[in-house]
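Structure first, commentary second.
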Amino acid sequence: MATTNPTLNVGGLARRLIMDGLLEESVAEDAYEASLEKKQPFVSYLVENKILGGHDIAWSGSQEFGVPLFDIQSMDMEASAFKLVDEKLIRQNNALPLFKRGNRLYVAVSDPTNLGAIDEIKFNTGINTEAVLVEDEPLQKAIELALEAMDTTMSELMDADLDNLDITSEDENSAGEDIDSAEISDTPVVRFVNKVLLDAINRGASDIHLEPYEKYFRVRFRHDGVLHEIATPPLALAMRIVARLKVMSRMDIAERRVPQDGRIKMNLSRNRAIDFRVNTCPTLYGEKVVLRILDPTSAQLGIDALGYEEDQKKLFLEAINKPYGMVLVTGPTGSGKTVSLYTGLNLLNSSDRNISTCEDPVEINMAGINQVNMNPKAGLTFAEALRAFLRQDPDIIMIGEVRDLETAEIAVKAAQTGHLVLSTLHTNDAPQTLTRLANMGVPPFNIASAVHLIIAQRLARRLCNDCKTVLEVPRDALLEEGFTEDDLDDLRLYGPVGCDKCTSGYKGRVGIYQVMPVSEEMGRIIMEHGNSIQLADQAAIEGIADLRKSGLRKVKSGLTSLEEINRVTKD
């Protein structure tokens with residue numbers, strides 16, 4: 001029954017909904033205040049929290065404000081006019097241009113009081129604009145589809161700011177010559193390259209691959225550890241696109257016969273900048289370029305975001321808070337070793353500690369830490385940097401990678417003489433790390449006394465919480481995969497499906513860890529020249545979960561799928 005209370009404390013659409021008997025006054029007031037606090041449109045708040053259906057809101061709004069209703073689900077988005085307005089304006093105003101008739105542009109809104117959106121779109125497009133009212137949930141889906149189409153159609157670059165992005169080189173070790181970039185500064189190439197970089201950041205990619213072949217040229221992003229093809233620009237543009245990237249990263253554009261390294265910095269705002277580590281490699285049909293995206297905020301997420309189990313996290317924190325000793329992180333390229341180390345450094349970074357790092361190159365910039373970029377051509381190697389650090393009263397030293405005996409020996413001696421040393425190695429698991437050091441030539445006694453903790457890690461894709469589905473797997477198959485009889489009692493497995501909020505059923509990544517303290521018994525095995533199999537057996541006796549068992553824990557908790565764990569851990 002409709003209410004006619006003249007003392008309502010809300011106006012506009014909320015008042016109409018109360019008057020139509022669709023909302024109680026107290027509910028409308030609470031929802032209105034909550035939407036203001038969350039800086040969320042009132043209509044979206046009602047629909048998202050299932051207070052009222054989108055159809056009822058749209059009908060009342062249409063009657064109250066005389067705005068025509070429109071079924072956006074019947075609209076062919078490919079033929080719509082959303083490309084007339086840039087992405088930022090669509091997101092800010094929660095409004096989507098649908099079609100143009102003559103000199104008039106019709107824009108879909110779910111809130112008929114959102115007149116500011118209509119005026120702003122009219123001002124930016126220079127076209128007379130009128131609103132049509134649609135249901136909120138279909139509007140949100142249409143906006144996402146439209147923006148996705150804008151992202152993937154890289155040949156139609158509509159962003160007005162692409163020409164003026166604040167992009168600079170950070171390669172201080174380049175040849176230093178002034179490069180004449182006039183021949184490759186044409187706007188289409190500049191805009192295309194800038195668009196690729198922005199799209200990669202917005203999609204959360206970790207790497208960009210630009211690859212020339214005999215008959216085509218493709219761009220791929222690595223997202224959640226898996227490569228996806230994004231675009232195939234015209235082959236004729238390949239050399240100019242590669243040359244543009246080389247100019248941006250201060251490489252020699254005339255040299256195409258040898259690999260080159262460079263660095264690009266993109267300032268997204270006053271408080272956020274993204275670095276790109278750039279490498280070129282000559283291939284049969286031109287230079288392949290790979291850009292690693294380095295986001296400094298990744299090391300500030302905190303240890304809980306890395307995916308450690310509680311017992312693993314305790315061991316890690318105990319090791320990095322010791323005054324001396326060595327902590328090693330191992331795993332393949334792209335497994336998150338640097339982020340793990342910098343998360344630890346971030347926890348240790350305080351005014352009473354002297355922290356120095358030597359890396360090739362420095363990937364994450366962090367205030368309060370003395371970071372040194374390796375420059376082998378000038379004689380600055382890991383070993384030389386370590387010698388310099390030890391003359392500068394260090395408390396904590398981080399080495400990008402232990403690659404040779406000289407570096408390993410200095411690092412071990414530093415760990416034995418009152419310094420905490422953090423570093424990485426490229427091995428498959430934690431026990432192999434100890435034997436790798438021995439194979440380098442480090443005396444077994446020094447390994448046993450210096451190394452306190454080894455972490456082997458992988459990154460697995462997280463299942464999307466919005467679309468993951470329960471799987472039925474035969475009991476025998478689960479036992480073969482490594483689950484125990486006790487695990488099967490309450491085991492529920494999930495698999496990927498895929499929806500508009502994820503990529504192939506996955507969204508984000510989670511760490512899989514083997515965290516192995518070096519016990520006295522392990523030290524004895526090392527000094528007796530034991531192998532990695534003996535060390536792995538001892539770790540199992542001491543209850544240390546290997547990578548496979550840690551991965552199965554993540555499957556059991558519903559974070560990822562068995563298929564994904566098999567991809568990253570199964571031999």
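What you see is a predicted model; the values in this text were computed from it and never measured. Heavy-atom basis, side chains included; hydrogens, waters and symmetry copies ignored.
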Original post:
Which distance, rounded to the nearest 0.5 Å, do you find between the CG of D360 and the CD1 of I399?
Top reply: 13.0 Å
Original post:
Between K507 and D224, does at least one N-O distance fall below 4.0 Å, as a salt bridge requires?
Top reply: no
Original post:
Is the number of heavy atoms from other residues, nucleotides or ligands under 6.0 Å of L227 CG greater than 12?
Top reply: yes
**OP:** Please lay out, stage by stage, how R567 and L562 fare under the test side-chain contact (heavy atoms from CB on, under 4.5 Å).
**Re:** CA-CA 9 Å; R567 184 180 72 85; L562 184 57; over 6 Å; no
Subject >> Under 3.5 Å donor-acceptor, N202 side chain and L198 backbone >> reply: yes
Original post:
Using the ring of each side chain (for Trp, its six-membered ring), is Y324 parallel, tilted or perpendicular to H452, with breaks at 30° and 60°?
Top reply: perpendicular
Original post:
Are a donor atom and an acceptor atom from the side chains of T357 and E359 found within less than 3.5 Å of each other?
Top reply: yes
**OP:** Before accepting this row, confirm whether a basic side-chain N of the pair K554/E309 lies closer than 4.0 Å to the acidic partner's carboxylate O.
**Re:** yes
**OP:** Answer yes or no: is there an ion pair linking D395 with R353, defined by an N-O contact shorter than 4.0 Å?
**Re:** no
Original post:
Can you tell me how far the CG atom of L245 sits from the CG atom of N279, to the nearest 0.5 Å?
Top reply: 12.0 Å
Subject >> Main-chain N/O of L425 paired to T330 side chain as donor or acceptor, under 3.5 Å >> reply: yes
Original post:
Step by step, would you call Q312 with S550 a side chain to side chain donor-acceptor pair (under 3.5 Å)?
Top reply: CA-CA 10 Å; Q312 295 174 337; S550 293; 3.3 Å; yes
Subject >> Presence of salt bridge, E563 and R461, under 4.0 angstrom >> reply: no
Subject >> K556/D487 salt bridge by N-O under 4.0 Å criterion >> reply: yes
Original post:
Under 6.0 Å between ring centres, would you say that holds for Y513 and Y308?
Top reply: yes
Original post:
How long is the gap from CG on L552 to CG on L547, to the nearest 0.5 Å?
Top reply: 11.0 Å
**OP:** Say whether, by atom type as modelled, one donor and one acceptor occur between the side chain of T407 and the main chain of R403 under 3.5 angstrom.
**Re:** no
Original post:
Under 3.5 Å, side chain of K468 to main-chain N/O of Y506, donor-acceptor pair present?
Top reply: no
Subject >> Short side-chain to backbone donor-acceptor contact, N349 and A367, under 3.5 Å >> reply: yes
Original post:
Would you call D199 and K195 a salt bridge, using N to O less than 4.0 angstrom?
Top reply: yes
**OP:** Verify, without hydrogens or angle tests, whether T569 (side chain) and N566 (backbone) share a donor-acceptor contact under 3.5 angstrom.
**Re:** no
**OP:** Answer yes or no: is there a donor N or O on one side and an acceptor on the other, between the side chain of T424 and the main chain of G400, under 3.5 Å?
**Re:** yes
**OP:** Measure across L315 and P517 and return the closest heavy-atom pair with its distance rounded to 0.1 Å.
**Re:** CD2-CG, 3.8 Å
Original post:
Does R524 come within less than 4.0 Å of E528, counting only side-chain N to carboxylate O?
Top reply: yes
Original post:
Any side-chain donor paired with an acceptor under 3.5 Å for Q538 and Q534?
Top reply: no
Original post:
Between Q392 and S356, does any side-chain donor sit less than 3.5 Å from a side-chain acceptor?
Top reply: no
Original post:
Would you call E287 and R257 a salt bridge, using N to O less than 4.0 angstrom?
Top reply: no
Original post:
Are any non-hydrogen side-chain atoms of R191 and P188 less than 4.5 angstrom apart?
Top reply: no
Original post:
Does a side-chain N-to-carboxylate-O contact under 4.0 Å join E401 and K337?
Top reply: no
Original post:
Does any N or O in the side chain of D546 come within less than 3.5 Å of the main-chain N or O of Q514, such that one atom is a donor and the other an acceptor?
Top reply: no
Original post:
In terms of side-chain geometry, is the basic nitrogen of R220 or E229 positioned less than 4.0 Å from the acidic oxygen of its partner?
Top reply: no
Original post:
Is R553 salt-bridged to D311, cutoff N-O under 4.0 Å?
Top reply: yes
Subject >> K288 atom NZ, neighbour heavy-atom count above 12 within 6.0 Å >> reply: yes
